[in-house]
Amino acid sequence: MKITKVTPESVSSLMKDLLKRNPNQYTSYSETVQGILNEVRQGGDKALFEITRKFDKADINADNIRVTKEEIEQAYADTDPALIKVIRKAIVNIRAFHEKQKKNTWIDTTPNGTILGQRITPLATVGVYVPGGKAAYPSSVLMNIIPAKVAGVSRIIMTTPPKADGSVNKGTLVAANEAGADVIYKVGGAQAIAAMAYGTESIPKVDKIVGPGNIYVALAKKAVYGNVSIDSVAGPSEIMVIADETANPRYVAADLLSQAEHDELACATLVTTSETLADKVNEEIDGFLKTLSRREIIQKSLDNYGHILLAQDIDETVDIVNEIAPEHLEIVTANPFETMTKVRNAGAIFMGEYSSEPLGDYFAGPNHILPTNGTAKFFSPLGVDDFVKRSSLIYYSREALEPVAEDIETFAEAEGLTAHANSIRVRFEDKK
């Protein structure tokens, strides 16, 4: 990885690299995606099955689109019991963390007869998209479904691409069943997003679609937003590590590579105050690359989007973090908790040399579905709040409304909304 000193130009270059990876930049795919959405919206199941045969080479129809109980049982039989055990342990941690995010309905009353409050209600139906093939991640199944279950969503449907023989990734099925998916459908890509957004004869329309996917899925989610809600338009993964001379270069190198292996577009960045550490991290990366199975993907990621920046001090490293707003941030410094208090923009923050990013991916409990491409400046990790909605509660008695009636009329008339003013005025006609 190339080592450069922190300058306005180097930070700007990093930002440009991040933005180049944003799904919004891939407009050449938009026409294809919109065509798929239109076909499914107009043709329902017939179009859905034809598109699935075209892209996934699978003969899916109304009789086999839904994963059966027998298929789930077979998935358990074919899955390593050790993995099932770990999935169950992870679920305990993920559920416990998200339980703490729950908010309650509240009501305030006053002696003069007003009742104001907020009612929290879960969404009725949520659709979870799960990638298939080489990007099958049972951990993401847990991260999408469990907060929805904690929120109290009534019905959770899941879609995932079938293989050519019509089967579905075994680990995905086990994770979905353990997490509590109500029904699983064998369909992927933009066509799955269309089915959940508009509804077909086989797949019901949902209120919200969540879950990661390829560029077609990301652009499809963006296109259907408004017809349904979505979690986000997620880009490729990214990690930033800020480290000083106390950091273990072997750990830092391993953590950078853990994200680079996701995708050729993944971005791994080290910002350090130590040139010695930077050199040692590079040496460790070279050593690891000789043994890691996904080294070709990693190498392309590092060549195009790998960065090592040399900063003057820790405050400058934090300034860069707050400018870039990384999806994953690791703080490996002498005082990581003190450094953390200065960070404003990051999706998830890992502190200390034993809190590596994969801990959050799989086991700790906080959600690993995080804002990317600098959107951590205004977006948050997926959580229980994403699966509920708030309704305002308002009650005024006559005695409470009368003293403020003229104030409301004045406001309404100032905006030229005389019917608004009249709506208040008619309630006190008997007084005039």
Side-chain angles (χ1 to χ4, degrees), residues 15-44 47-56 58 126-137 140-141 143-144 157-162 185-200 203 205-238 262-267 301 304-305 325 327 347 369-379 381-382 386:
M15 283 295 294
K16 288 178 181 177
D17 275 354
L18 288 171
L19 293 175
K20 280 191 295 187
R21 301 152 57 254
N22 191 314
N24 293 323
Q25 301 297 315
Y26 293 84
T27 54
S28 59
Y29 295 89
S30 297
E31 186 175 343
T32 299
V33 168
Q34 192 60 56
I36 293 172
L37 297 178
N38 292 341
E39 285 185 52
V40 175
R41 186 172 196 173
Q42 295 165 12
L48 188 64
F49 301 151
E50 288 176 354
I51 295 169
T52 299
R53 278 191 287 271
K54 177 181 177 181
F55 291 114
D56 295 314
V126 166
V128 175
Y129 184 85
V130 177
K134 67 177 183 180
Y137 299 130
S140 288
V141 176
M143 295 295 182
N144 278 287
I157 73 169
M158 191 182 98
T159 64
T160 190
Y185 295 101
K186 302 173 185 178
V187 59
Q191 60 270 27
I193 302 303
M196 292 189 283
Y198 307 128
T200 73
I203 299 179
K205 182 184 184 304
V206 303
D207 300 314
K208 184 166 189 170
I209 299 172
V210 300
N214 62 19
I215 186 63
Y216 295 97
V217 170
L219 292 178
K221 287 171 66 178
K222 180 183 177 183
V224 301
Y225 176 67
N227 193 71
V228 293
S229 180
I230 64 171
D231 50 354
S232 65
V233 180
S237 188
E238 60 205 42
H262 269 297
D263 191 307
E264 291 90 343
L265 295 175
C267 182
S301 168
N304 294 317
Y305 303 107
E327 177 190 18
I369 298 175
L370 304 165
T372 59
N373 290 110
T375 59
K377 288 183 177 179
F378 44 83
F379 281 147
L382 190 73
D386 290 285

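Computed from a predicted model, the values in this text were never measured in an experiment. Along the sequence shown, the residues carry numbers beginning at 1.
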Response to the item:
Minimal heavy-atom distance between Ala223 and Gln34, with the atoms involved, is CB-OE1, 3.9 Å

Discussion item. I need the Ile230 CD1 to Ile193 CD1 distance, nearest 0.5 Å.
Written reply: 9.0 Å

Discussion item. With rounding to the nearest 0.5 angstrom, report the CG to CG distance, Asn144 to Asp386.
Written reply: 10.0 Å

Worksheet item: To the nearest 0.5 Å, how far apart are OG1 in Thr52 and CD in Gln191?
Response: 5.0 Å

Item to complete: Look up atom CD1 in Ile369 and atom OG in Ser232, then write down how far apart they are to the nearest 0.5 Å.
Response: 8.0 Å

Fill in: Side-chain (Lys205) to main-chain (Val228) donor-acceptor, under 3.5 angstrom
no

Fill in: Set of salt bridge (Lys or Arg N to Asp or Glu O under 4.0 Å) partners for Glu238, sequence neighbours left out
Arg21

Discussion item. I'd like to check Thr159 versus Met196 (side-chain heavy atoms, cut-off strictly below 4.5 Å). Are they in contact?
Written reply: yes

Practice prompt. Check whether any side-chain N or O of Thr200 sits under 3.5 Å from a backbone N or O of Ala195 as a donor-acceptor pair, and report yes or no.
Written response: no

Worksheet item: Does any non-hydrogen side-chain atom of Val126 lie less than 4.5 Å from one of Val206?
Response: no

Worksheet item: Roughly how far apart are Tyr225 OH and Lys208 NZ, rounded to 0.5 Å?
Response: 8.5 Å

Worksheet item: At their closest point, which heavy atom of Tyr198 faces which heavy atom of Leu37, and how far apart are they?
Response: CE1-O, 3.8 Å

Worksheet entry | Heavy-atom side-chain contact between Pro131 and Pro212 under 4.5 Å | yes

Worksheet entry | For the student: nearest non-hydrogen atoms of Ser301 and Ala266, plus distance | OG-O, 2.6 Å

Item to complete: Mind listing the closest non-hydrogen atom pair of Asp231 and Gly211 along with its distance?
Response: OD2-N, 3.0 Å

Discussion item. To check you understand the geometry: which heavy-atom pair defines the closest contact between Pro381 and Pro371, and what is its length?
Written reply: N-CD, 4.0 Å

Worksheet item: Minimum heavy-atom separation for Asn227 to Ala197, with atom names?
Response: ND2-O, 2.7 Å

Practice prompt. Keeping the roles fixed (side chain from Tyr129, backbone from Gly189), state whether a donor-acceptor pair exists under 3.5 Å.
Written response: yes

Worksheet item: Within a strict 4.5 Å, meaning less than it, do heavy atoms of the Ile36 and Lys54 side chains meet?
Response: no

Worksheet item: Taking atom OH of Tyr305 and atom CG of Asp263, what is their separation to the nearest 0.5 Å?
Response: 9.5 Å

